Number of protein chains: 2
Amino acid sequence: MDAFEALGAPTRRQILGELKRSPRSVNDLVDALSANQPSVSKHLKVLREAGFVSVRGEGQQRIYQLEPARFRELEAWLAPYRQLWTRHLDALERHLERKEKRR
Amino acid sequence: MDAFEALGAPTRRQILGELKRSPRSVNDLVDALSANQPSVSKHLKVLREAGFVSVRGEGQQRIYQLEPARFRELEAWLAPYRQLWTRHLDALERHLERKEKRR
DNA sequence: CCTAAATATGCCTTGACAGGAATATTCCCT
DNA sequence: AGGGAATATTCCTGTCAAGGCATATTTAGG
C-alpha cells in the first residue's frame, strides 16, 4: 500500500494526529482513539510499512513515532501544485492594485 | 469519497499531474495517460466531486482544470507536520555547530 | 432533423480493505 | 519456568472501488 492509500483511512489520519503531539504506545493510542486494540495495531502496521511511523521497544511497550522523511515526500509532491494558488494570489493582487489606482 | 481517498488511486494522481501542466479535454487526458475513455471520465467525476478539479464546456469538449482550494486544504493539513522536519533540521544544525566548535 | 464526435453513465466482475472477535506472540517480572 | 501485561496476527465477513465493456447523452455542423 503506497503513501496516499495509507492516508486514505480516517482512523490512520487520527493516529498520525495523535503521534504529531508526541510518540505513543499502542495502548495510549487505543485510549485516545475509540478503536479496539487489534484495529490500532493493524493500522500502525500499515503506517509503518508505508514509512510514516517507526517503532522502538521500551519495556513491554512499543512506542510509535512519526517518521519525517515520508512527510517531506508528501510536501515535495504537493509543492508543484503550490504555484497554483500563488499564481492565483498574484492575479488577485494585480486586480486589487488596478482597483486601487482607479480611485 | 473524501480528498485523501480521491488521491489514493494512482491514475487520479496522473490526471492531476497532467492538469498541473495545463487544463485539458477528456480526450487529451485519454491520450496522455494510457487508460480508456470511460475510465478517465469516471476518475474525473471522482476528482470533481472531491473538489480537485472543475469543468467548463467549450464547444463539444469539456475542459477540466485544477481547483486550487482543495490543494490549499491539503497544504493546511500537512502544515502542522512540517515542524517535524524543521525541528529535525534544527537539531541537526545544533549538532553540526557543536562539532564545528570542537575543531 | 440527422450524423458524428466527445463525453458520461450503467452494469458486472474481481480484488482489496476495514472492522470485529478470537488467538498467538513477545517481554518483563518474580 | 510461570504468569500476566502489552501487542501482534489470523480468520471471517461485508462493503466498496477499479477496470472493462456496452450504451446513453450531449453538442456541433450540415
Side-chain angles (χ1 to χ4, degrees), chain A residues 1-67 70 74 77, chain B residues 1-67 70 74 77:
Chain A
M1 179 176 304
D2 82 332
F4 286 94
E5 288 180 74
L7 293 180
T11 305
R12 286 197 283 269
R13 292 200 299 278
Q14 280 187 263
I15 292 181
L16 293 180
E18 290 298 323
L19 294 184
K20 183 177 51 184
R21 311 187 61 87
S22 72
R24 306 282 179 107
S25 75
V26 177
N27 263 337
D28 286 352
L29 289 171
V30 171
D31 293 343
L33 289 58
S34 51
N36 51 34
Q37 179 267 319
S39 174
V40 171
S41 275
K42 277 185 289 189
H43 284 303
L44 283 170
K45 180 177 187 173
V46 172
L47 288 172
R48 181 160 35 88
E49 289 176 350
F52 282 105
V53 304
S54 60
V55 213
R56 68 187 135 88
E58 186 164 294
Q60 47 194 339
Q61 313 205 351
R62 314 251 303 167
I63 308 297
Y64 283 82
Q65 66 180 4
L66 296 183
E67 204 55 41
R70 199 40 112 207
L74 269 191
W77 180 85
Chain B
M1 181 177 303
D2 82 332
F4 287 93
E5 287 180 73
L7 294 179
T11 305
R12 284 197 284 269
R13 292 201 299 276
Q14 280 186 265
I15 291 181
L16 293 181
E18 290 298 325
L19 294 184
K20 183 176 53 185
R21 312 187 61 87
S22 71
R24 306 283 179 104
S25 74
V26 177
N27 264 337
D28 286 353
L29 289 171
V30 171
D31 293 344
L33 288 59
S34 51
N36 51 34
Q37 178 267 318
S39 174
V40 170
S41 275
K42 277 186 285 190
H43 282 304
L44 283 171
K45 180 178 188 175
V46 173
L47 287 173
R48 182 160 33 88
E49 288 176 349
F52 282 105
V53 305
S54 58
V55 214
R56 67 185 136 89
E58 186 164 294
Q60 47 194 337
Q61 312 205 352
R62 313 251 304 167
I63 308 296
Y64 283 82
Q65 66 180 3
L66 296 183
E67 204 54 43
R70 200 40 113 204
L74 269 192
W77 179 85

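Reminder, nothing fancy here: chain letters follow the sequence lines and each chain counts from 1. Only heavy atoms go into these numbers, but all of them, side chains included; no hydrogens, no water, no symmetry mates. Computed from a predicted structure; not experimentally measured.
Atom pair B:Gln60:CD and C:dA5:C1' shows a separation of 5 Å (rounding to whole Å applied). Counting to the nearest Å, the P atom of D:dT7 and the CG atom of A:Asp31 are 10 Å from each other. Between the CG atom of A:Leu44 and the C1' atom of C:dG19 there is a distance of 15 Å, given to the nearest Å. For the pair B:Glu58 CD and D:dT27 P, the interatomic distance rounds to 14 Å; values are reported in whole Å. Following rounding to the nearest Å, B:Ile63 (CD1) and C:dA8 (P) show an atom-to-atom distance of 11 Å. Between B:His43 atom NE2 and C:dT7 atom P there is a gap of 16 Å when expressed in whole angstrom units. Between A:Arg56 atom CZ and C:dC27 atom C1' the separation is 17 Å, expressed in whole Å. Here the P atom of nucleotide C:dA5 and the CZ atom of B:Arg62 are 20 Å apart, to the nearest Å.
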Margin query: Using side chain to side chain donor-acceptor pair (under 3.5 Å), reason through B:Arg56 and B:Ser54 one step at a time and then give a plain yes or no.
Written below: CA-CA 7 Å; B:Arg56 67 185 136 89; B:Ser54 58; over 6 Å; no

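If you check C:dA21, D:dG19, C:dC17 against the side chain of A:Met1, the one that comes closest is C:dC17. Nearest to the side chain of B:Thr11, among C:dG19, D:dT9, D:dG19, sits D:dG19. Among C:dT9, C:dT7, C:dG19, the nucleotide with an atom closest to any side-chain atom of B:Gln61 is C:dT7. The nucleotide whose nearest atom lies closest to any side-chain atom of A:Ser41 is, among D:dA8, C:dA18, D:dA18, D:dA8. Which of D:dG20, C:dG19, C:dA18 sits closest to the side chain of B:Lys42 comes down to D:dG20.
If you check every strand for non-hydrogen atoms under 4.0 Å, B:Gln37 touches a base. At a threshold of 4.0 angstrom between heavy atoms, the contacts of A:Arg12 are confined to the sugar-phosphate backbone, with no base atom among them. Contact annotation for B:Ala35: no contact, since no heavy-atom pair falls under 4.0 Å across all strands.
Residue A:Tyr64 is the one, among B:Asn36 and A:Tyr64, whose nearest nucleotide of DNA chain D lies closer to the 5' end (criterion: closest heavy atom). Residue-to-nucleotide proximity on DNA chain C shows that, of A:Ser39 and B:Arg48, the 5′-proximal contact is made by B:Arg48.
The heavy-atom pair separating B:Asn36 from B:Ser39 by the smallest distance is OD1-CB, 2.8 Å. The two residues A:Arg13 and A:Gly8 make their nearest non-hydrogen contact at NH1-O, 3.2 Å.
A donor-acceptor distance shorter than 3.5 angstrom exists from the side chain of B:Arg12 to the backbone of B:Ala6, with no hydrogens or angles considered. Using a distance-only test at 3.5 Å, with no hydrogens or angles considered, no donor-acceptor pair links the side chain of B:Arg24 to the main chain of B:Gln65.
A:Asn27 has no side-chain polar atom (N or O) that falls below the 4.0 Å cut-off from OP1 or OP2 of D:dA5.
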